[in-house]
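Computed over heavy atoms, backbone and side chain alike; hydrogens, waters and symmetry mates excluded.
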Amino acid sequence: MRPTPAGTRRTPRLRAALLALLIAGAGTSLSGAPAQAAPRMDTSQFKGVNWADPRDNFADDPVVLSGLSLSDSYAQTYTKSSRVISAFRANLGANTVRLPINPYTVNGSYWKSYRAVIDAASAKGFKVILSYWEGTGPRKDGFIDDQATYWPMWNTVVKAYKNDRNVYFEPMNEPHGYTDTEWADLAAKWLDTYSSVPRDRVFVSGAGYNDHVTTVCADPRLKGTYLSLHHYGFWKEYATYDQWVADLKVRIGDCANRTVADEFGAHMTTGFDYNKPAPDNNFVNYMQAVTDTFRELKMGSVYWPGLRTGDTYSLQTLTGDPSRPWLETTNQSGADRLAWAWGRGKAVRP
């Protein structure tokens with residue numbers, strides 16, 4: 001999640017030079033024989049939540065998910081992660097978790113422990129979306145921070161999980177530093193570099209802040225991949241239910257059959273009731289509109305965040321012994337809207 005309105009762009013670096021370096025510095029390729037054509041895409045299978053570092057996943061060191069510790073061993077991380085994943089399923093009916101990675105996490109010593117999060121989720125049958133997050137401070141600019149560490153990171157991750165059908169790869173979260181064309185070029189480069197990965201195990205982020213998928217959808221080089229969309233209520237001070245539906249649909253275009261909303265969210269710890277119409281409340285309008293639309297379009301969705309300490313959007317909160325954590329739901333009406341988006345529950349509006 002990023003508290004910046006869609007469409008905002010920061011001052012770019014020397015894009016052409018960076019792109020040249022990215023392409024030249026791809027490093028050791030894990031490409032193999034091109035994967036067979038992907039089967040018909042079904043995005044509705046993704047019913048999930050994000051599990052996040054309290055710092056919003058933007059870090060210049062390893063990402064440490066809420067409830068975990070940098071000092072935890074693989075076994076300790078596995079035990080904690082198994083319980084959190086079980087709670088996501090028990091409390092929300094989720095089957096998917098989206099997790100951050102960065103070079104500090106993967107290329108350093110913490111990778112031995114962090115792998116336990118992925119392994120525990122996969123062992124419980126969860127789909128796991130691994131997404132690259134950039135750093136913070138001056139690095140939080142919508143560009144890949146350093147191609148010299150980015151490609152080795154993906155080499156390691158792909159080698160470890162390309163044969164695990166539960167694991168999916170998202171080359172970058174919110175690539176807003178690049179133009180639409182530049183981002184499509186980089187996504188195509190990722191696919192070429194890791195051509196042994198089936199395309200239906202890759203999520204290509206929408207351009208900008210993941211805020212529209214129409215351009216990546218139209219690029220034939222990216223055919224067969226899933227597309228990831230982000231959509232937030234704070235992008236407008238106020239909109240009606242119908243205006244939110246229209247806003248979401250224009251960002252999707254005719255690409256719903258490939259699109260998963262892998263970030264969307266609203267305040268969950270402030271007492272809003274998302275099960276009742278409240279036309280004067282922007283966030284109630286938003287939450288009802290997007291979950292109705294996801295269900296209508298049979299789109300998968302991954303809420304931001306399922307768990308993030310200190311985030312008013314967090315739909316779960318940690319409880320119990322920190323060494324054996326469990327989760328509690330912060331807003332049942334929010335959980336009800338997720339259930340509705342995922343094909344269960346009751347409608348708010350006829």
**Student:** Output all residues satisfying side-chain hydrogen bond (donor to acceptor under 3.5 Å, both in side chains) with Thr259, sequence neighbours left out; order by chain, then residue number.
**Tutor:**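 Expected list: none.
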**Student:** Check whether Asn173 reaches the backbone of Ser131 with its side chain - one donor and one acceptor, N or O, closer than 3.5 Å.
**Tutor:**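 Side chain of Asn173 to backbone of Ser131: no pair is present.
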**Student:** If we ignore hydrogens and angles and just use 3.5 Å, is the side chain of Asp53 paired with the main-chain N or O of Val63 as donor and acceptor?
**Tutor:** no
**Student:** Show your reasoning for whether side chain to side chain contact (heavy atoms under 4.5 Å, CB included) applies to Asn282 and Glu237.
**Tutor:** CA-CA 7 Å; Asn282 180 57; Glu237 290 187 8; over 6 Å; no
**Student:** Under a 3.5 Å cutoff, is there a donor and acceptor pairing between the side chains of Ser228 and Glu170?
**Tutor:**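 Note: Ser228 and Glu170 side chains meet the donor-acceptor criterion.
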**Student:** Do the side-chain N and O atoms of Gln316 and Asn91 include a donor-acceptor pair separated by under 3.5 angstrom?
**Tutor:** yes
**Student:** Any chain of hydrophobic side-chain contacts (each under 4.5 Å) joining Trp235 to Val290?
**Tutor:**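 Cluster IDs for Trp235 and Val290 match.
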**Student:** Below 4.5 Å, heavy atoms only, C-beta onward: do Pro103 and Asp146 meet side chain to side chain?
**Tutor:** no
**Student:** Between Arg308 and Asp56, is there a side-chain N and carboxylate O pair less than 4.0 Å apart?
**Tutor:**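 The answer is yes: the pair qualifies as a salt bridge.
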**Student:** Should Phe234 and Phe272 be regarded as members of a common hydrophobic cluster, given that ILVMFWY residues are connected when their side-chain heavy atoms come within less than 4.5 Å of each other, either directly or indirectly?
**Tutor:** yes
**Student:** Cut-off 3.5 Å, side chains only: do Trp111 and Thr105 have a donor facing an acceptor?
**Tutor:**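 No, because no side-chain N or O of Trp111 sits under 3.5 Å from a partner of the opposite role on Thr105.
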**Student:** Give the intermediate values and the outcome of side chain to side chain contact (heavy atoms under 4.5 Å, CB included) for residues Val213 and Arg251.
**Tutor:** CA-CA 6 Å; Val213 298; Arg251 297 172 186 275; over 6 Å; no
**Student:** With a 4.5 Å cut-off on side-chain heavy atoms, are Val84 and Pro325 touching?
**Tutor:** yes
**Student:** A side-chain contact here means heavy atoms from C-beta on lying under 4.5 Å apart; do Val260 and Leu229 qualify?
**Tutor:**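 With C-beta onward as the side chain, the pair stays apart.
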**Student:** If you measure from CG on Leu315 to CH2 on Trp304, what distance do you get to the nearest 0.5 Å?
**Tutor:**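 If we round to the nearest 0.5 Å, Leu315:CG and Trp304:CH2 are 13.5 Å apart.
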**Student:** For the residue pair Trp154 and Phe169, does the interplanar ring angle fall in the parallel (under 30°), tilted (30 to 60°) or perpendicular (over 60°) class?
**Tutor:** perpendicular
**Student:** I want to check something: taking the side chain as every heavy atom from C-beta on, are Met172 and Leu186 in contact at a cut-off of under 4.5 Å?
**Tutor:** no
**Student:** Do Glu296 and Lys249 have side-chain heavy atoms sitting under 4.5 Å apart?
**Tutor:** yes
**Student:** Does the gap between the ring centers of His267 and Phe283 come in under 6.0 Å?
**Tutor:**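 So the answer is yes for these two rings.
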**Student:** Does the side chain of Thr181 come under 3.5 Å of the side chain of Thr179 through a donor N or O and an acceptor N or O?
**Tutor:** no
**Student:** Between Asp164 and Ser122, is any side-chain donor less than 3.5 angstrom from a side-chain acceptor?
**Tutor:**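 Checked: Asp164/Ser122 side chains pair up, N/O donor to acceptor below 3.5 Å.
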**Student:** Please walk me through it: do Asp200 and Arg165 pass salt bridge (charged side-chain N to carboxylate O under 4.0 Å, His left out)?
**Tutor:** CA-CA 10 Å; Asp200 64 347; Arg165 291 291 304 175; 3.7 Å; yes
**Student:** Do Leu327 and Leu318 touch side chain to side chain, with heavy atoms closer than 4.5 Å?
**Tutor:** yes
**Student:** Would you say the side chain of Lys47 lies within less than 4.5 Å of the side chain of Leu92, judging by non-hydrogen atoms?
**Tutor:**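 No, their side chains stay 4.5 Å or more apart.
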**Student:** Side chain of Tyr286, backbone of Gly265: donor and acceptor closer than 3.5 Å?
**Tutor:** yes
**Student:** Is Ile129 close to Leu99 at the side-chain level, that is, under 4.5 Å between some pair of heavy atoms?
**Tutor:** no
**Student:** Cation-pi check for Tyr74 against Lys112: NZ or CZ below 6.0 Å from the six-membered ring centre and within 45 degrees of the axis, yes or no?
**Tutor:** no
**Student:** Give the C-alpha distance, both sets of side-chain angles, the deciding distance and a yes or no for side chain to side chain contact (heavy atoms under 4.5 Å, CB included) between Arg221 and Asp185.
**Tutor:** CA-CA 9 Å; Arg221 297 173 299 171; Asp185 288 344; 2.9 Å; yes
**Student:** Tell me whether the rings of Tyr232 and Tyr313 are parallel (<30°), tilted (30 to 60°) or perpendicular (>60°).
**Tutor:**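 Because their plane-to-plane angle lies in the 30° to 60° range, the rings of Tyr232 and Tyr313 count as tilted.
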**Student:** Using a 6.0 Å distance limit plus a 45 degree cone around the ring axis, check whether Arg295 lies over the aromatic ring of Trp340.
**Tutor:** yes
**Student:** When rounded to the nearest 0.5 angstrom, what distance separates NZ in Lys80 from CG in Leu68?
**Tutor:** 6.0 Å
**Student:** Any salt bridge linking Asp336 with Lys346? Criterion: basic side-chain nitrogen under 4.0 Å from a carboxylate oxygen.
**Tutor:** no
**Student:** Do we see a donor-acceptor contact under 3.5 Å between the side chains of Ser82 and Lys124?
**Tutor:**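 Distance-only check fails for Ser82 and Lys124.
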**Student:** Could you check, using the six-membered ring where one of them is a Trp, whether Phe46 and Tyr226 have ring centers closer than 6.0 angstrom?
**Tutor:**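 For Phe46 and Tyr226, the ring centres are under 6.0 Å apart.
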**Student:** Apply side chain to side chain contact (heavy atoms under 4.5 Å, CB included) to residues Leu191 and Arg199 and explain how you reach the verdict.
**Tutor:** CA-CA 8 Å; Leu191 292 171; Arg199 288 192 170 219; 3.7 Å; yes
**Student:** Distance-only, no hydrogens or angles: does the Asp192 side chain make a donor-acceptor pair with backbone N or O of Trp190 under 3.5 Å?
**Tutor:** no
**Student:** Are His176 and Phe143, when compared by the centres of their aromatic rings, separated by less than 6.0 Å?
**Tutor:** no
